[in-house]
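This report concerns only the one structure given below.
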Amino acid sequence: MALAKLLKWFQNRNLRKKIEKEIRALAPEVFNDYLYRVDVLDNGNLILSWANEGFLKFCGISAEDLNQPWAAADPKYFHQDDLDMIRQRVRSLLSGSSRTDEYRVYGPDGQIRWLRDHAHPIWDPVQKRVSQIYGSIQDLTPLRKSEIILQDQLSYTNILLDSTEEWVIRVNQTGKIQYVNSSGRSEVRRQFGIELLPDSKILSLISETHREIFQAQLNKAFSGAKVKWHFSKLFPVQPNSELEVSFAPLSKEGTIKEVVIFLKDVTLRTVWETALLASEEKYRKLVEVSPDAIGLHADGKVIYINQTGLKMLGYESMEEVEGRPIAEFIHPDSRQVVAERVLKAMLKSEPLEPIEEKFIRKDGTEISVEVSGVAFEQRGQKLMQVIVRDITERKKAELELSELRKKILQTNDRLQAIIEGVKESICAVDMDLRVISCNTAFELMVWKLYGKRITVGQSIWDIAIDNPEEKERIIRNWSRALTGEVFKMERKISGLIKDSIVLEINYSSIRDESHNMIGATQIIRDVTDRYQYEETLRKSLEEKEVMLKEIHHRVKNNLQVVSSLLSLQTDFTDDPKLVSILKECERRIQSMALVHKELYQNDTIADADFTEYLNNLLVALVQSYGANKKVGYSIESQDIRLNLDFAIPLALVFNELVSNSLKYAFPGDRKGEIFISISKKDNGLSISIGDNGVGLPKNVNVRNSEGLGLQLVGMLLDKLKAKWGLETVDIGTRYKIELPIPK
């Protein structure tokens with residue numbers, strides 16, 4: 001009842017408008033996306049009718065500019081390479097299909113921005129067209145720039161590997177070569193005449209005297225260790241060579257699948273010095289293209305800052321900062337912490353963990369940064385290298401997130417108030433089965449059942465921690481809901497307060513706005529009273545069924561008594577005609593008694609198994625006429641069950657027609673067969689009954705017969721509104737009956 005009132009409350013039109021107004025007012029604060037709504041006019045023109053503040057600011061327009069015609073594919077706003085896609089997008093939306101696309105636009109500052117646009121059209125069933133389009137836009141520009149920077153870094157890494165003078169070989173666990181840099185291929189070929197080909201075994205190229213040691217170092221690397229070894233004449237050729245070989249494990253997906261081998265020719269120290277200078281130059285190039293600021297200082301003075309760092313601090317060239325004390329760039333609030341960290345790094349030569357600090361820009365403004373560093377010694381001088389990351393936007397985002405969390409908590413409090421007013425017990429859990437919300441009714445129910453208190457943040461299975469079977473059942477049911485399954489179940493539980501209660505439990509999943517699973521909910525209703533009422537009804541119904549079966553049994557017995565009386569009466573009369581009449585009456589009564597027998601012997605009393613009944617009827621009739629040895633029978637029928645209103649009249653019809661076949665179709669010693677076929681149709685039953693005997697005389701009209709049997713058949717079938725008559729056959733007699741049975 002409470003849920004129905006709640007739904008009715010939300011259906012109030014004025015309230016919906018108020019809620020929509022509140023959502024519009026709240027949207028600029030809650031959402032980081034750019035939200036908009038476009039109205040589609042009858043002439044197909046588009047009007048930007050509403051947008052949140054982020055959208056207006058991004059487009060460089062104000063609220064007064066709304067409700068103006070909106071150019072859906074204006075070249076001055078969209079990148080020319082995306083115009084065709086934009087036009088196709090508009091056509092698709094106007095046809096009623098939702099779209100999510102990424103495209104480039106020109107911002108108010110003229111710079112290209114990457115956007116991801118989610119749009120959902122609203123179809124007007126009256127006008128049979130799209131009337132509105134709702135959408136949200138995400139700014140992907142920082143992500144795309146980061147991807148470009150990452151690709152550049154990967155490209156530079158490959159350039160570095162191919163440019164280095166070291167020989168780099170990567171092998172897999174089977175010892176096969178997977179990669180060789182250009183220096184390795186060319187120098188090994190030039191100096192030793194050996195080709196380092198992909199998929200060739202590295203050990204097959206090593207001198208036999210060093211294979212065992214080389215394999216041992218390779219095994220250490222595959223176990224996770226970084227090892228280095230000095231080899232004299234590693235390759236089996238004439239020139240003497242001194243090679244320093246380093247083995248480094250390469251982890252992929254958490255396991256070591258390959259090892260990178262670095263070979264250095266240390267025969268000539270000049271080669272090493274040249275390689276070192278080249279390495280320093282390549283490192284400087286990497287530093288210059290780094291997205292983070294990288295600086296170097298010694299004795300408290302700046303030696304070097306890359307271009308990213310200069311731009312971050314607001315300087316144009318290195319000459320403006322070189323030689324200046326680092327304290328000039330550090331905010332007074334952070335100077336003591338920085339001094340202590342620099343001293344610690346210089347004394348222990350250990351890397352410094354990233355911490356948040358404040359720097360001062362050239363114009364005097366503050367900037368929030370994250371700084372990490374490492375001290376090292378070069379040519380007898382202690383140097384300090386720092387890596388600085390601008391976290392201004394991150395701090396701003398954290399502040400906005402904090403405000404959003406406050407608003408969410410307020411909304412949650414309102415929702416909790418609604419949940420508390422519901423009679424049912426309600427609980428929600430996250431993906432780790434921790435309680436994220438529950439009402440007082442749920443807490444009270446847990447106390448009654450398990451004698452424990454449940455609180456937010458607690459694992460849901462803690463309520464049954466002392467009962468492993470109950471704990472396993474709780475986890476299994478919640479796990480089904482966390483896979484997205486919506487289901488309902490009833491449980492009979494013995495609690496601490498009540499001996500036995502019956503609960504109706506509804507499980508369903510909770511998803512976020514992206515339809516990702518974030519939890520599950522459970523609504524529990526105490527249906528003990530209903531269950532007890534249903535149990536009372538069930539027992540009453542069972543008693544009535546037993547009573548009805550007893551009635552059918554008594555009716556069948558009474559009919560048997562009447563049949564027996566008729567049978568006795570035939571023993572006291574010598575009139576053959578009267579005997580025949582009494583026998584016919586006896587068979588008809590027995591056919592009705594068989595129906596009642598089927599009813600009380602079945603599991604259900606509403607209807608009888610008519611196929612089983614026919615078998616019993618034919619056996620009884622054949623025995624009654626003494627035709628066991630000369631007349632056979634066959635029944636082809638689906639599983640058919642009939643209630644009493646159809647079973648008894650149809651039983652009498654079969655009794656009369658089969659009796660006629662037994663009496664007249666097989667005179668003398670003639671043998672034959674009686675057959676019955678029953679099939680189900682959409683509107684009832686199709687029945688065929690006949691024999692392969694001598695057949696009826698040609699002048700017989702079964703619909704207007706003078707015989708009592710066929711008159712009884714016609715009367716009964718007319719009462720059942722059945723269509724019946726003779727079918728033309730070459731041998732014997734066949735009746736066709738179409739019996740309608742209402743569904």
Side-chain angles (χ1 to χ4, degrees), residues 3-28 30-56 58-59 61-106 114-140 484 486 508-517:
L3 181 59
K5 290 182 178 179
L6 185 62
L7 290 173
K8 186 175 181 181
W9 181 71
F10 272 107
Q11 289 171 356
N12 187 283
R13 184 176 181 182
N14 294 330
L15 185 58
R16 288 202 305 271
K17 290 183 178 179
K18 181 179 178 182
I19 293 173
E20 183 178 6
K21 184 177 179 181
E22 290 179 356
I23 292 175
R24 290 183 180 180
L26 192 61
V30 176
F31 298 102
N32 291 325
D33 293 354
Y34 307 140
L35 308 180
Y36 66 87
R37 186 186 70 200
V38 174
D39 291 343
V40 182
L41 303 182
D42 293 337
N43 58 5
N45 290 339
L46 305 179
I47 297 294
L48 182 62
S49 58
W50 175 84
N52 66 350
E53 292 181 7
F55 186 95
L56 298 176
F58 176 79
C59 295
I61 61 177
S62 63
E64 289 74 14
D65 297 324
L66 296 175
N67 296 311
Q68 297 296 325
W70 184 41
D74 195 332
K76 70 179 181 180
Y77 296 125
F78 298 95
H79 194 280
Q80 60 180 5
D81 293 342
D82 297 333
L83 288 176
D84 289 340
M85 184 266 288
I86 294 296
R87 296 187 184 97
Q88 182 182 358
R89 169 186 171 83
V90 172
R91 289 193 297 269
S92 180
L93 290 172
L94 291 178
S95 68
S97 300
S98 298
R99 291 277 301 220
T100 299
D101 299 288
E102 292 183 11
Y103 52 79
R104 291 159 290 180
V105 299
Y106 297 103
W114 276 94
L115 303 179
R116 179 182 289 144
D117 193 342
H118 308 265
H120 177 71
I122 304 300
W123 185 264
D124 189 332
V126 177
Q127 300 182 24
K128 295 184 178 180
R129 65 174 182 84
V130 172
S131 60
Q132 292 178 327
I133 300 173
Y134 286 84
S136 66
I137 296 177
Q138 297 171 325
D139 190 351
L140 304 180
V486 178
S508 60
S509 58
I510 305 174
R511 299 177 183 270
D512 59 15
E513 64 277 2
S514 300
H515 207 63
N516 297 317
M517 190 81 66

Test side-chain contact (heavy atoms from CB on, under 4.5 Å) applied to Trp50 and Asp39, step by step: CA-CA 9 Å; Trp50 175 84; Asp39 291 343; over 6 Å; no
Applying side-chain contact (heavy atoms from CB on, under 4.5 Å) to Gln88 and Asp84, what does each step give before you reach the verdict? CA-CA 6 Å; Gln88 182 182 358; Asp84 289 340; over 6 Å; no
Going through the checks in order, is the side-chain contact (heavy atoms from CB on, under 4.5 Å) test met by Ile47 and Leu41? CA-CA 8 Å; Ile47 297 294; Leu41 303 182; 3.8 Å; yes
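Between the side chain of Asn52 and the backbone N or O of Asp33, at least one donor-acceptor pair lies under 3.5 Å.
Note that CG of Asn516 is 13.5 Å distant from CD1 of Ile510, once rounded to the nearest 0.5 Å. Summarising the geometry, atom OG belonging to Ser95 is positioned 8.0 Å from atom CH2 belonging to Trp123; distances are rounded to the nearest 0.5 Å. Once rounded to the nearest 0.5 Å, the distance linking CG of Asp82 with CZ of Arg104 reads 4.5 Å. For the atom pair CZ (Arg37) and CD1 (Ile122), the distance works out to 10.0 Å, reported to the nearest 0.5 Å.
Scanning both residues, Leu94 and Val130, for their nearest heavy atoms gives O-CG2, 3.4 Å. Shortest non-hydrogen contact noted between Met517 and Ser509 is SD-CB, 3.2 Å. Across all non-hydrogen atoms, the minimal contact from Arg99 to Ser92 is CD-OG, 3.5 Å. Minimum heavy-atom separation, Tyr103 to Met85: CB-CE, 3.4 Å. The two residues Ser98 and His120 come nearest to each other via the heavy atoms OG-ND1, 2.8 Å.
By the side chain to side chain contact (heavy atoms under 4.5 Å, CB included) test, His118 is found to be paired with Thr100, Arg116, Ser136, Gln138, residues two or more places apart in sequence or in another chain being considered. With sequence neighbours excluded, the residues that form a side chain to side chain donor-acceptor pair (under 3.5 Å) with Arg129 are Asp42, Gln127.
Taking the six-membered ring where the residue is Trp, Phe55 and Tyr36 present tilted rings, their angle falling between 30° and 60°.
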